[in-house]
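I have placed the structure first, in the form of structure tokens, so that the comments after it can refer back to it.
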Amino acid sequence: MADIRTTTDGAQAAEAPPSPTHVAIRREDYRPPEWLVPQIELKFTLGLEETRVQSKLRVERNPAGSGQSRLTLNGDGIAPVGVWVDGAATSAWKMQGDDLVIDLPGDRHEIGIENLVHPAANTKLMGLYASNGMLCTQCEAEGFRRITFFPDRPDVLSKYRVRMEGDATQFPVLLSNGNRVGAGESEGSRHWAEWEDPFPKPCYLFALVAGDLKANRDSFTTMSGRKVDLAIWVREADLPKTGHAMESLKQSMAWDERVYGREYDLDLFNIVAVSDFNMGAMENKSLNIFNTAYVLADKETATDGDFDNIARVVAHEYFHNWSGDRVTCRDWFQLSLKEGFTVFRDQGFSADVGSPAVKRIEDVRVLRAAQFPEDQGPLAHAVRPDSYIEISNFYTATVYNKGAELIRMFHTVLGPEKFRAGTDLYFERHDGEAATCDDFVAALEDGSGVDLSAFKIWYSQAGTPRVRARLDHDAATRTATLHLEQQEDPTPGQPFKEPMPLPLRTALFGEESGAQLGEEQLIILDRAKQTFTFENIGETPLLSINRGFSAPVVLTAERRPGELEKLAQADTDPFARYEAMQELMMSALTAAARGEKLDAEPVIRAIGATLRSNALDPAFKAEAILLPSDTLLADRMQVVDPDAIHAARDALREAIGTALKDDMLAAHRTDGASGDDLSPAAKGIRRLRTVALGYVAAADEAQAAGLAKAQFDAADNMTDRQGALGVLVSLNQPEREEALQAFYDRFRDDALVIDKWFALQAAAQRPDTIDQVLRLVSHPDFTMGNPNRLRALVGMFGGNHWAFHNADGRGYDFLADMIIAADKLNPQIAARLVPAFGRWKRFEPKRSAMMKAALERIVASPGLSKDVYEQVSKSLA
Ligand code: TRP
Ligand code: ZN
């Protein structure tokens, strides 16, 4: 059993009842730790079923504390088998709920604790657990307390010395943070290794790995000439798939030196790939642990998107070495301090190694698809939240992606040089410390000499600001007047809001000439209502506003007919062009979804012009011609009717596909992209091929099925193969089954590709998707125990707007069943499925009632984790 729930007391009887579990932790209750732990020694006697943990803590009373003699060490499902104070066994301890408390007479002591953990039974994948016969750890946010008793909070920083001992055949490789300082054989076929990390760190950055792994080794020489040994550890058979991750790591190391002046600080850097992992990857000091999905790739099994994600996540975790590890968070409310900033850094990296324009479009699409709904629903929270029940629920798009937008606004306002002066000061000032979001802003201000205090509201105020824009032109005075208004809607716990400072990059273009009229301006809208004037505007102007998506807002501009279409051709900012296309499509679609007649002509003209343009590259074209998703459309509807949204979208796709079939076929035929070519240009060609094929399918299913099957059969890479299958799964053509079967037969032994096979079917746009998904749950390859597989089928289905919101409610029943079942194994993963129900109040009455009933059924199920309890109870509130 992983979870020992019995309360084991020492000699003294427990005085306080076990602490209640589902209580909220509040940011304003932060107090400095009473005790510090400058040094910890850990000894692990490794076993898959049972591992013995012996820890020795040097504890010192914190001068900044209140002087309490009581030392509280957090635990979770563990019990001590022995406790020592200053070398002597003691029974003067007790359990308080899951925590171990000891009253200590002096200011410094040495505490010894021994306990057992059970990795193979650990289905939560937090703490020490087993995956494919190896042992690994995940400690962020509060997993270390499942390994041993410790003040499990990020502002307690310790130097670690770790010894592990285990069977040499079962665990030939023994890794932990820092440097290996010793290794040897012990009795029988056993061996040991000892590791020491010279950098003090909070316990959430501790890591240990033991298993039969092989390394892809390389090295990187840092800007000051230090040679760093790099290793990516995987199962032997996967070694050939580690090349891209290694290249990405070296590129990341060079990029962080060049762009942020950050150099790596140890002689080795390890990455380990694990198949069972709750999230993408983890930045443990010098021992990053990754979900295999973000390490393994070759052209046969990984798409261009997978390659990009690997580079992004490798960079993200590597960048954490400074923004996270060297400077960490004071408490978990400050999570965006490391995550928002690190996402901003990885976005910059991906833009630089790929196409900046396409990357920005992708980032905004993710923000709109994942963060905007969060901000508009019952789980809305600030980038720096004020309270939580379970911190795992706050690893959200708001903390990560909106947090990154916040940093981007600082960057926009300061410009690159001053921003860099600010981050330099931040790293220098807080190196080795646990810092706050306020510390970050203070460093940016002091480093740049610019007052940023007005922007701090972005950390505390939840919700997406809504901006209305209107541009008036007076030909006689040659002036244009921009009228702007902002509105902040209430979110849970924040009924009244203040206007926020919104940096809006703005430019005007001539309606006739198409030429830019004057320089781009950075407008800061910081009041509820404001006007700005542009002089010397002789021609009727087109308004290009929030260029590059400089502020994360929903902006609607009053437009004359034809304005967006012209802007889509004239704008010099690629994001703004994309945005004009999106707005054009959005207005056609929302009108049709409301029951008005579909006006497809302007969209068809704009897409046709985009496809035929010689100035635009294929990657941009592919992005620009994609219709906004069902979910995005739902955001714009007063009352959400998924069938109406879907029908509108289908009708527009068909109209476009029919009118532009020849252009789409031509785009589909574009070649020049061999499977080995991973350049942005080749990726763009592949992307456009498949997007165009989707439009052909909307016009002529049988023709598209033939083309898709041909693309599928001829593919020498996963991008083309998966792209073709992704089109086929939504069609009622014989090729669909043939291709699904062929795909399965070919890749049945490759777990990551079988995840795709499940995900494609769960994402299919067809009326019987719910039936297919119910059938797939019984497929022998489906398991709830593996987070990737659960996300592939169930997570993907929850995001399939039309299928999940099937009018008969079976989608809701299914997801509720899955959440209840998954919660018993892995609460963190189960809780991540809840937001699909989040906006139940916005749906038409029938669906709304069924969604509410599903949430009520979940919250009534016995033994619910605090993870799921928090998400469901907040969703119902
Ligand atoms: N810090 C990790 C990252 O963003 C996130 C993470 C990995 C995580 N594993 C986790 C968060 C488990 C919570 C629980 O890079
Ligand atoms: Zn991160």
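Atoms considered below: every heavy atom in the structure, side chains included; atoms not considered: hydrogens, waters and symmetry mates. This structure is a prediction, so every number in the text was calculated from the model and none was measured.
In this structure, K201 is positioned above the aromatic face of Y160, its NZ or CZ under 6.0 Å from the six-membered ring centre and within 45° of the axis. Stacking of K285 on the aromatic ring of F199 is recorded, both the 6.0 Å distance cut-off and the 45° axial limit being met.
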Inset, instruction - Decide salt bridge (Lys or Arg N to Asp or Glu O under 4.0 Å) for E247 and K250; before the verdict, give the C-alpha distance in whole Å, the side-chain angles of both, and the deciding distance to 0.1 Å. - result: CA-CA 5 Å; E247 280 315 303; K250 290 188 287 180; 3.3 Å; yes

Inset, instruction - Could you go through the salt bridge (Lys or Arg N to Asp or Glu O under 4.0 Å) check for K338 and D325 one step at a time? - result: CA-CA 9 Å; K338 71 178 179 83; D325 298 3; over 6 Å; no

Legend entry - D276 vs N132, side-chain hydrogen bond (donor to acceptor under 3.5 Å, both in side chains): CA-CA, chis, key distance, verdict: CA-CA 8 Å; D276 302 283; N132 277 330; 4.9 Å; no

Inset, instruction - Begin from the C-alpha positions of K359 and D308 and carry the test salt bridge (Lys or Arg N to Asp or Glu O under 4.0 Å) through to its verdict. - result: CA-CA 10 Å; K359 175 62 180 163; D308 289 350; over 6 Å; no

Inset, instruction - Determine, stepwise, if the pair R52 / E114 fulfils side-chain contact (heavy atoms from CB on, under 4.5 Å). - result: CA-CA 7 Å; R52 180 170 300 271; E114 189 173 320; 2.4 Å; yes

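If you check the side chains of D720 and N717, you find a donor sitting under 3.5 Å from an acceptor. In the model, N270 has a side-chain atom that pairs as donor or acceptor with a side-chain atom of W233 under 3.5 Å. For the residue pair Q39/S158, the side-chain donor-acceptor check at 3.5 Å is not satisfied. Residues S275 and T292 have side chains that never bring a donor and an acceptor to within less than 3.5 angstrom of each other. Donor-acceptor pairing under 3.5 Å is recorded for the side chains of Q828 and S392. Between E165 and S186, the side chains place a donor N or O and an acceptor N or O closer than 3.5 Å (distance only, hydrogens not considered). Inspection of the S674 and D677 side chains reveals no N or O donor paired with an N or O acceptor under 3.5 Å. Looking only at atom types and distance, the side chain of R312 has no donor-acceptor partner in the side chain of Q347 under 3.5 Å away. Between D229 and S219, the side chains place no donor N or O within less than 3.5 Å of an acceptor N or O (distance only, hydrogens not considered). A donor-acceptor contact closer than 3.5 angstrom is absent between the side chains of N321 and R326. For E339 and H316, the side-chain atoms include at least one donor-acceptor pair closer than 3.5 Å. At a cut-off of 3.5 Å, with distance as the only test, a side-chain donor of N278 or N826 sits close to an acceptor on the other residue. Looking only at atom types and distance, the side chain of Y400 has no donor-acceptor partner in the side chain of S336 under 3.5 Å away. Side-chain contact check for D267 and N179: no donor-acceptor pair (N or O, by modelled atom type) lies under 3.5 Å. Judged purely by distance below 3.5 Å, without hydrogens or angles, the side chains of D438 and T436 never pair a donor atom with an acceptor atom.
Considering all non-hydrogen atoms of both residues, E60 and P38 come closest at OE2-CG, 3.5 Å. The two residues M718 and V753 make their nearest non-hydrogen contact at CE-CG1, 3.4 Å. Residue L135 comes nearest to P119 through the heavy atom pair CD2-CB, 3.4 Å, listed as atom of the first residue, atom of the second, then distance. Looking at every heavy atom in both residues, S248 comes nearest to S252 through O-OG, 2.6 Å. The two residues I232 and V295 come nearest to each other via the heavy atoms CG2-CG1, 3.8 Å. Listed here is the closest heavy atom pair of N177 and L205: ND2-O, 3.0 Å.
Listed by chain and residue number, nothing satisfies the side chain to side chain donor-acceptor pair (under 3.5 Å) test with R180 (two or more places apart in sequence, or in another chain). Evaluation of the ring pair (Phe, Tyr, Trp, His ring centres under 6.0 Å) rule for F220 yields no partner, not counting sequence neighbours.
Between the CG atom in D155 and the CG atom in L36 there is a gap of 8.5 Å [rounded to 0.5 Å]. A distance of 4.0 Å separates CZ of R145 from CG of N74, quoted to the nearest 0.5 Å. The distance from atom OG1 of T45 to atom CH2 of W192, rounded to the nearest 0.5 Å, is 13.5 Å. Atoms CG and CG, from L444 and L425 in turn, are 9.0 Å apart once rounded to the nearest 0.5 Å. Note that the CG atom of L208 and the CD1 atom of I289 stand 8.0 Å from one another [nearest 0.5 Å]. Note: K299 NZ to F307 CZ = 10.0 Å, rounded to the nearest 0.5 Å.
Ring pair F319/F349 is perpendicular by interplanar angle, where above 60° counts as perpendicular and below 30° as parallel.
A ring pair (Phe, Tyr, Trp, His ring centres under 6.0 Å) with Y318 is found for exactly one of F290, F269, W255, namely F269. Here the options are R686, R721, R687, the test is salt bridge (charged side-chain N to carboxylate O under 4.0 Å, His left out), and the partner is D304; only R686 passes. When each of P202, P151, C203 is tested with F144 by the rule side chain to side chain contact (heavy atoms under 4.5 Å, CB included), just one qualifies, namely C203. With R163 as reference, E194 is the one residue of E194, E196, E41 to meet the salt bridge (charged side-chain N to carboxylate O under 4.0 Å, His left out) rule. Here the options are F419, Y260, F440, F410, the test is ring pair (Phe, Tyr, Trp, His ring centres under 6.0 Å), and the partner is F344; only F419 passes.
Remark: side-chain polar atoms of R789 are paired, donor with acceptor, to backbone N or O of A751 under 3.5 angstrom. Between the side chain of H320 and the backbone N or O of S323, at least one donor-acceptor pair lies under 3.5 Å. Side-chain N or O atoms of E445 include one that pairs as donor or acceptor with a backbone N or O of L452 at under 3.5 Å. Checked by atom type and distance alone, the side chain of E257 never pairs as donor or acceptor with a backbone atom of R262 at under 3.5 Å. Listed for the T242 side chain is a donor-acceptor partner under 3.5 Å among the backbone atoms of L239. The backbone N or O of V358 sits less than 3.5 Å from a side-chain atom of S355, completing a donor-acceptor pair. Put simply, the side chain of R58 never gets that close to the backbone of I40: no donor and acceptor are under 3.5 Å apart. Not a single donor-acceptor pair under 3.5 Å links the side chain of T301 to the backbone N or O of A297. Distance alone, capped at 3.5 Å, is enough to place a donor-acceptor pair between the R146 side chain and the M126 backbone. Side chain of S286 to backbone of G178: a donor-acceptor contact under 3.5 angstrom is found.
The side-chain heavy atoms of D750 and K241, taken from C-beta on, include a pair separated by under 4.5 Å. For the pair T221 and V228, the minimum side-chain heavy-atom distance is 4.5 Å or more.
Proximity of the aromatic rings of W322 and Y264 is defined here by a centroid distance below 6.0 angstrom, and this criterion is not met.
Salt bridge D256/R345: present, at least one basic N to carboxylate O contact under 4.0 Å.
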